[in-house]
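First up is the structure itself, then whatever we jot down about it.
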Amino acid sequence: MKRRDRTLITHAGNDPKNNKGIVNPPVYHASTVLFDSVADMHARGRDKFNNVHYGRYGTPTTFALEETVAALEEADRAVAIPSGMGAIAGAILSFVGVGDHVLMVDSVYEPTRFFCDSQLKRFGVETSYYDPLIGGGIAALIKPNTKIVYLESPGSHTFEIQDVPAIAAAAHARGCIVIMDNTWASPLYFKPYRHGVDLVVHAATKYLVGHSDVMMGIITMREEFFKQVKTQVHGMGFAVGGDDCYLALRGIRTLSARLAQHQESAIQLAKWLQGRPEVERVLHPALPDHPGHPLWKRDFLGSSGLFGVVLKPATVERVNAMIDGMELFGLGFSWGGYESLMVPSSLTTARTATKWDAAGPTVRIHAGLEDPLDLIEDLHALLDRQDDLHPVLDLVQERDLRGVGVDERHPREEELEHLGAAGEGEEQVVVAVGLVEVLQLLYDLESPFQVLLRQVRLVQDVEQGTHGLAPAGRNSALLARGVAALARACPAPAPRITVGLRNSTSSLFLTWSSR
Ligand SMILES: Cc1ncc(COP(=O)(O)O)c(C=O)c1O
């Protein structure tokens, strides 16, 4: 009887009846496998891909994992490999030789591009890249020696959705094999074999394992390709360890529950980001205004936790400062684990058949399993911080004031208080004004000297407030650096200026004193 996905996830690959009733498969650690006789050795060797024969060809733990993923993906067979990149290389190398040609989607995972442009090239295999939105138009690019049409949908970092059935039909009409990287959707949210794909690669490292603790790749396929792929993969010496297979299988048991939460949280974050003034557009195919949404709706069964955000134009420094300030979002490669991540996307050299023309920087977000409201709060703080930093950082940069005697340390609270205290013979005024007003003031003025003059005037106009400085937050430290740079760029004798913020963001204390 055909079982539904959530049932398959729970039971596939387990065999308690033949395992003393124990629910989970045992972890086999194996290299040598002993035979009863030479005849037995030969007999099992004749079908070594389907028998326990030697550690490299797999153990019952490996087979349990492979059987589970194949069942979920509606494939006939699966082969586990030590990483997602291994699965990609293994699948491609199974079908090409000298003089062949591969058609590769332009929005592919960048190391796949690197593999094609370096290793495949060295082996005499040519790769050309096609627009992910090409659809059936791919027919015009297929050459007599094209062996593979390779897809990845959505695109890496840019999230274009491909018309998989149209591309597969055109490829099959010319005898090409269709390979797809289905890591984003996992076998739960996209069923490649229903749409004409012949072989699928997964970075199981991501959602299948799901806990950021194992590198693993899986190729799934129709039976007709199994022998060729297994011969290639094991001929290259790839083999996975029993513990890793067990952890991957354990991860898969909770895939449906995890993925549902990743999906919900990512959509929540994406919608919230859409409403922020710093955001140009959100790259998430499940959002109705995403250009690939109609295709996503037609073909996919869900969306995962990974999406992109194009910010309004901003300097690299500004975006980096924002990312550096993250609390819940980690900065690191990979995704698909239980934790949230954010990385800047570097797309300048990653496209050759198309042009990525967003004016602002792009970041990639993975929504983990934290409470989405906490994630939104973290994003809120990040974007607010980015807003606070814009004018001063821009001013410092615009006027090329970087390095003009700027104190790179972030002053601590006590230091600021010390700096804020008036010395003997010093005049001091403390101004409490809104942060925005002061930044506006700094931003609008023409020269650093005028900035200071305006500050003095402002200071004289404002009622004298409390003496001293507010707690030093991260923002105040950066502001202090910006203003210190301005001060140093002024004609001597340079005044001493310090800046502090009260309650991190609400009001600004500007202490100006001169001798
Ligand atoms: C879409 C996609 N495919 C493949 C891979 C490679 O997987 P692995 O890191 O397990 O080699 C990655 C890794 O980030 C990926 O994002």
Side-chain angles (χ1 to χ4, degrees), residues 65 69 73 78-93 104-116 118-120 129 132 148 150-162 164 179-190 192 197 199-220 233 236 238-241 244-245 247-248 251-252 259 262 266 283-285 292 300 303-308 330-337 339-347 350-351 362-368:
L65 169 66
V69 179
E73 196 137 70
V79 174
I81 292 186
S83 74
M85 196 56 232
I88 293 163
I92 295 176
L93 288 173
M104 177 62 64
V105 63
D106 203 35
S107 50
V108 73
Y109 172 59
E110 208 177 357
T112 307
R113 175 185 287 270
F114 178 77
F115 167 77
C116 294
S118 54
Q119 278 99 311
L120 277 192
Y129 295 88
I148 292 173
Y150 186 104
L151 301 90
E152 181 179 325
S153 183
S156 222
H157 287 270
T158 43
F159 298 90
E160 299 88 345
I161 296 288
Q162 296 193 252
V164 180
I179 302 180
M180 177 174 176
D181 185 327
N182 192 29
T183 304
W184 181 84
S186 92
L188 271 191
Y189 288 169
F190 186 74
V197 174
L199 271 97
V200 179
V201 292
H202 284 282
T205 312
K206 321 296 183 215
Y207 287 121
L208 295 177
V209 164
H211 294 75
S212 310
D213 50 5
V214 173
M215 298 297 300
M216 178 76 70
I218 297 198
I219 308 173
T220 70
V233 165
M236 290 191 299
F238 288 144
V240 287
D244 283 352
C245 287
L247 285 172
I252 289 170
L259 216 49
H262 286 297
L283 310 172
H284 192 314
F300 284 72
S303 59
S304 65
L306 195 74
F307 65 100
L331 171 64
F333 296 112
S334 204
W335 45 277
E339 80 286 19
S340 290
L341 298 167
M342 190 188 292
V343 284
S345 305
S346 154
L347 294 162
R351 303 287 180 265
T362 305
V363 293
R364 191 185 69 183
I365 292 180
H366 180 247

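Heavy-atom basis, side chains included; hydrogens, waters and symmetry copies ignored. Just so you know, ligand 1 is whichever comes first in the structure, and atom 1 is the first atom listed for that ligand.
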Nearest neighbour in protein (non-hydrogen) for [atom]:
{"atom": "atom 6 (C) of ligand 1", "result": "Y109 CE2, 3.4 Å"}
{"atom": "atom 7 (O) of ligand 1", "result": "A203 CB, 3.2 Å"}
{"atom": "atom 3 (N) of ligand 1", "result": "D181 OD2, 2.7 Å"}
{"atom": "atom 14 (O) of ligand 1", "result": "K206 NZ, 2.8 Å"}
{"atom": "atom 10 (O) of ligand 1", "result": "T205 OG1, 2.5 Å"}
{"atom": "atom 8 (P) of ligand 1", "result": "G84 N, 3.4 Å"}

N/O of [X] under 3.5 Å from N/O of ligand 1, yes or no?
{"X": "M85", "value": "yes"}
{"X": "S156", "value": "no"}
{"X": "W335", "value": "yes"}
{"X": "E152", "value": "no"}

(message) Donor-acceptor check, side chain of T205 to backbone of M215, threshold 3.5 angstrom: yes or no?
(response)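 Here the side-chain-to-backbone pair does not exist.
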
(message) Parallel, tilted or perpendicular, judged at 30° and 60°: which one describes the rings of H366 and W335?
(response) tilted

(request) Could you tell me the separation between the CG atom of N182 and the CG atom of L151, rounded to the nearest 0.5 Å? (result) 10.5 Å

(message) Quick check for you: to the nearest 0.5 Å, what is the distance between I81 atom CD1 and I218 atom CD1?
(response) 9.0 Å

(request) May I ask whether W184 has any heavy atom positioned less than 4.0 angstrom from an atom of ligand 1? (result)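 No; W184 lies far enough from ligand 1 that no heavy-atom distance drops under 4.0 Å.
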
(request) Assess I88 for proximity to ligand 1: is some non-hydrogen atom of it under 4.0 Å away? (result) yes

(request) Let me know which of S304, S303, S153 forms a side-chain hydrogen bond (donor to acceptor under 3.5 Å, both in side chains) with W184. (result)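 By the side-chain hydrogen bond (donor to acceptor under 3.5 Å, both in side chains) criterion, W184 pairs with just one of S304, S303, S153: S304.
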
